[in-house]
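Scroll down for the structure; my scribbles are underneath it.
Any value given below was found using the heavy atoms of this structure, including those in side chains, with hydrogens, waters and symmetry copies removed. Note on naming: letters A, B, ... go to the chains in the order of the sequence lines (proteins, then strands), and numbering restarts at 1 for each one. Since we're looking at a predicted model, the values are computed, not measured.
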Amino acid sequence: MIFDEARQFRETRPLGLIARTLRTLHLDGPLLVGLIALACLGMVILYSAAGQDGDIVVRQAVRFGAGLAAMFLLAQVPPHFLRLWAPYFYFLALVLLLLVIVTGDVGKGAQRWLDLGLIRFQPSEIMKIALPLMAAWYLHQRSLPPGLLTIIVLTIMVITPVVLIGIQPDLGTALLIASSGAIVVLLAGVSLRFIAVCSGLGLALAPALWLTMKDYQRSRVLTFLDPESDPLGAGYHIIQSKIAIGSGGVFGKGWNNGSQAQLEFLPERSTDFIFAVLGEEFGLLGLLTLLVLYLVIVGRGLWIASQAQNTFSRLLAGAISLTFFVYLIVNAGMVSGLLPVVGVPLPLVSYGGTSMVTLMAAFGILMSIHTNRKLLST
Amino acid sequence: MRIGSVTLRDHWQEQRVFNTRLIAAAILVLLSVGVLVARLFVLQVVNYEHFRDLSQGNRVRIEPVPPTRGLIYDRNGIVLAENVPAYQLELVPEQVGDTSGALTSLLSLRLIRNDDLDRINNQIRRRRAFEGVPLRYRLSDEEVARFAVLRPHYPGIDIRARLARHYPAGPMAVHAIGYVSALDQADVQRIDEADYAGVTHIGKIGIEQALENALLGRPGHQQIMVNAQGRSLQRIAREAPLPGKDLYLTLDVRLQRAAEQALGDRRGAVVAIDPRDGSVLALVSTPGYDPNQFGEGLTQQQFAELAGNRDNPLFNRALRGHYPPGSTVKPMLALAALHYNARTISEEQICPGHYMLPGDDHRYRDWKKEGHGTVDMVSSIEQSCDVYFYELAAQLGIDRMHEFMTRFGFGEATGIDISGEKRGLMPSRDWKRRAFSEPAERVWFPGETLITGIGQGFTLSTPLQLAHATATLAARGERFKPQLVRAVRDPVTGEIKTRLPQRLPGLGDIDPVHWDTVIDGMTAVVHGEQGTARGIARDLQYRLAGKTGTAQVFSIGQEEEYDEEEVEERLRHHALFIAFAPIEDPQIAISVIVENAGSGSAAAAPVARAVLDTWLQPVSVQAER
């Protein structure tokens, strides 16, 4: 009796109704709110960064809409279904990457695009989802922590697409995809000694990597080490972006009032360096707000991972959330001069973005994992 | 239970490890955000005043300075593509006020074009109010004068000088040189914007496109002092752009002109190659078009005129025209027959004017109804006897024909250093099996071998391929990749890099006597008493070897309308001629195609003669200069 009344009471509350609706739609409330808030903040900054161009904001909103649709669709797909298809999806992505190298369109001096007549897209975007799926699928069938053989197979699984993307050349995306693979391996419980050995090897291999880098990639690293060495060329980005952020102070210069952004001292304002525009116009407070939104999303993602009920879901959810964070930290670190300039956009905020749809699709997967849990005895 | 612990997974243990890692990850996340916040705190709070001063003092903007595009010369240093000062009409939105009114009145003065309005409005919206928007890339002198008078009435609209691409010879050699036009959407996605900072045009076709990277150069930068609103005040520093590299082509303007004049207003193509190194001396496709009009951007009407012209001036016949080679393949097939011992040199045959396969009553006709009488190899090349080559083809078989002709480059791209080249088609059993879907059509028929023997049927070749094959004949089996670029000059250092000839796999071991025989046949085509091209032999100062060809036009394009007079003209045979000279020491090999002009001897051979004359017997006055 009392129990029934309690339930009735809960369901008549408006919040209870919303929660139920979200649940039937397989959506996750906190995540959805965080994503929408972030995208909205992003569009506010974009309007200013793009020189008060409404068209660009509309186009960005349309992309975000497409992203929401992708998220919604993937949220309906139960995780065991995703697991079933993971290997096919991964190999399809590999084939597409190979196709890009053979036939791809050259865009901005690099071969990244595949033209399918109707749509033109970057297969590396598909790989961003396909790789964590594949790694989680593979580890799901092994006992954890993974043995040496498992790790070797995983490494091959990660290195192949990374190399294919690296030679396009798209170093930024290659690194991000490599890190998503590494995250899965780390979450799976690889021994700490193994990690130490690998990082040692990595450091030893760094000179070899240096030799294979393209000139512009080397100049980016050198400029990172000493921006003043090339103030008119590559160092210009970092110098101007530091000035933009620093001159914003605590409260910022006000929306549409950043001299660095509005007078075009700051390069790539609406894409890779939009973080600096926010810092200039909204100051430290604006940047902290942005970081809080990101932390809400990442935190919720990690919570979903901790509640997931099998290895596949756990690893996938953890990888998606942490990779998203890596995007943020790489971009913010680059713009604030902590990391070298790698062409990585600020996720969900930078203009443009085939990445918008991919990111949102990944969050759809997170939601599916969370809403498809079987409620154990409670 | 030992076994159990190995096979059974300890899910609780796994979850525990995972959760530990997850917590570690969460701590890492918080730590790195902490570092980032600390960094922001240093920038925005600790060093705020420093950066505020820097930003207020930031009165220096960096602007790109476009590089000058490399020049293109012919082999003797005559300019083919240059940069000339051009007058650009520019509008500064904030100084104009009523921009749409100004645009309408300029439109009525025909100083701007209707076609450009969308682009102009778009740019006015995009750019900052004090930045100039180009209304026209290139004004004519007359337009400059007209606007100069009206200038006081148009504040904020002005003429600015810039460098524009100019092709002094207009349509000459346009299909080799190509053109530049304004960067479009597709280009912008393809290029690295840093490489094109301040650059407005890009090479679209021909040499301009193929050597875009060399011609482009690298943009420089200049520091501009600006006031608080961002308006330019003065230039303080400048990092000069790196000019693009100059190109010396293998083309010879004199020869190119001679070939274009010889073709006149007929549709056709001429390709001349130096057999000793593969240099392309002339590459003609008529009709041509004026590449200068692309610099400004075509209006809809201009584009419609070019694209709708049924003579198709935009079509590069020399590289992309697929023509049946007709009888021009006979010398090469004769060589194949000798090489494979399918025929001997002196073997004679009676030509009754037609040929029949055993067990088939179809008559394969000779072009000469009454026949050529008794012919041997040399005389059948001289007179272009079809019957002789029907039987020769039957003896060779399609497999060996395909094998040998492929060595001459038929059915393959020659690899010339501009893009767009077609491969042609040298049929084979294998090709037919792949190309057709109906089982009955996928079989190779003996009759098809016969017509392949006279360069008809499925066989297709481009004028470039024919010239390349002729050069290979002239060089007795040595093959070089056709090249249009002879040297690249760095304008800064003055260093000239010559492109070396690129040898292709040759024809292999062929008896010199076989070469002599085939070349004797080709010599007789011009110098023999019954040679099909004996008409061009008069007053020749040198000896040349040639072969005529007449290619049947099978059908007319389905989309074309039926128009009796036109159709008849367009159904006439294509006239072909290949030649090289001098025979003793070949310096030039040439292929000529004149569309729908009838026989090769009457229409194509005289064109070849005019070109060869220009190359081999220069006017003495000109030579002395």
Side-chain angles (χ1 to χ4, degrees), chain A residues 51 53 55 105-110 113 120 143-145 183 186-189 216 232-233 236 239-240 242-250 253 258-260 262-265 279-280 283-284 287-288 291 294-295 298-299 302 305-306 310-311 314-315 318 321-322 325 329 332-333 336-338, chain B residues 6-11 13-15 17-26 28-30 32-33 35-37 39-45 47-56 58 60-62 125-128 186 188-195 221-223 226 228-230 237 239:
Chain A
D53 186 340
D55 286 359
D105 264 22
V106 184
K108 316 249 181 212
W113 296 85
R120 237 170 124 251
S143 62
L144 298 181
I183 286 169
L186 291 180
L187 287 179
Y216 79 94
L232 281 191
Y236 182 77
I239 295 174
Q240 294 299 339
K242 271 159 66 179
I243 295 178
I245 295 177
S247 64
V250 177
K253 298 174 183 170
S259 58
Q260 287 291 104
Q262 303 302 324
L263 300 184
E264 309 192 352
F265 292 113
E280 185 183 20
L284 185 59
L287 290 180
L288 287 179
L291 290 179
Y294 276 112
L295 281 181
V298 173
L302 292 181
S306 74
N310 59 44
T311 309
R314 268 201 290 275
L315 290 178
S321 318
L322 290 172
F325 179 73
I329 208 73
S336 56
L338 283 172
Chain B
V6 175
T7 51
L8 280 180
R9 300 176 59 169
D10 185 341
H11 285 281
Q13 167 69 13
E14 282 184 13
Q15 168 111 47
V17 172
F18 179 78
N19 282 347
T20 325
R21 291 288 160 106
L22 211 55
I23 290 166
L28 263 178
V29 164
L30 288 177
S32 41
V33 169
V35 172
L36 183 62
V37 171
R39 170 69 173 186
L40 297 175
F41 187 80
V42 170
L43 289 177
Q44 299 190 295
V45 180
N47 291 327
Y48 166 64
E49 278 161 29
H50 168 69
F51 284 116
R52 185 198 57 198
D53 293 348
L54 275 182
S55 107
Q56 278 168 0
N58 209 347
V60 179
R61 189 166 52 213
I62 303 218
R125 258 188 303 122
R126 284 286 141 93
R127 299 206 181 167
R128 323 200 61 74
V188 172
Q189 289 196 316
R190 208 160 33 80
I191 58 171
D192 188 334
E193 273 162 83
D195 293 344
H221 295 279
Q222 56 186 6
Q223 289 179 307
V226 295
Q229 285 81 46
E239 175 199 309

Item to complete: Check whether Leu302(A) gets within reach of chain B through its side chain, its backbone, both or neither, counting any heavy atom under 4.5 Å.
Response: both
Discussion item. For chain A, which candidate among Val17(B), Leu36(B), Ile23(B) shows the most heavy-atom pairs at distances under 4.5 Å?
Written reply: Leu36(B)
Fill in: Stepwise side chain to side chain contact (heavy atoms under 4.5 Å, CB included) check, Ile245(A) with Lys242(A)
CA-CA 5 Å; Ile245(A) 295 177; Lys242(A) 271 159 66 179; 6.0 Å; no
Worksheet item: Of the backbone (N, CA, C, O) and the side chain (C-beta and beyond), which part of Ile183(A) lies under 4.5 Å from a heavy atom of chain B, both, or neither?
Response: neither
Discussion item. Which atoms of Gln15(B) are under 4.5 Å from chain A, going by heavy atoms: the side chain, the backbone, both sets, or neither?
Written reply: both
Worksheet item: Quick one: does Arg21(B)'s side chain have a donor or acceptor within less than 3.5 Å of a partner on Ala188(A)'s backbone?
Response: no
Worksheet item: Are Tyr48(B) and Val250(A) side-chain neighbours, meaning at least one heavy-atom pair lies under 4.5 Å?
Response: no
Worksheet item: Does any heavy atom of chain A fall under 4.5 Å from the side chain of Asn19(B), the backbone, both, or neither of them?
Response: side chain
Worksheet item: Which heavy atom in Gly318(A) sits nearest to a heavy atom in Ala305(A), and how many Å separate them?
Response: N-CB, 3.6 Å
Worksheet item: Where on Ile329(A) is there a heavy atom nearer than 4.5 Å to chain B: the side chain, the backbone, both, or neither?
Response: side chain
Fill in: Leading residue by heavy atom contact count with chain B [cutoff under 4.5 Å; candidates Ser321(A), Gly299(A), Gly246(A)]
Gly246(A)
Discussion item. Checking the side chain of Arg39(B) only, and the main-chain atoms of Ser336(A) only, is there a donor and an acceptor separated by less than 3.5 Å?
Written reply: yes
Worksheet, complete the sentence: Bottom line for Val29(B): the part with an atom under 4.5 Å from chain A's heavy atoms is both
Fill in: Point-to-point distance, once rounded to the nearest 0.5 Å, from CG of Leu28(B) to CG of Leu322(A)
9.0 Å
Item to complete: Under 4.5 Å heavy-atom distance to chain B, tell me which part of Leu287(A) shows up: side chain, backbone, both or neither.
Response: side chain
Response to the item:
When every non-hydrogen atom of Gln44(B) is compared with those of Gly279(A), the smallest separation belongs to NE2-O, 3.2 Å
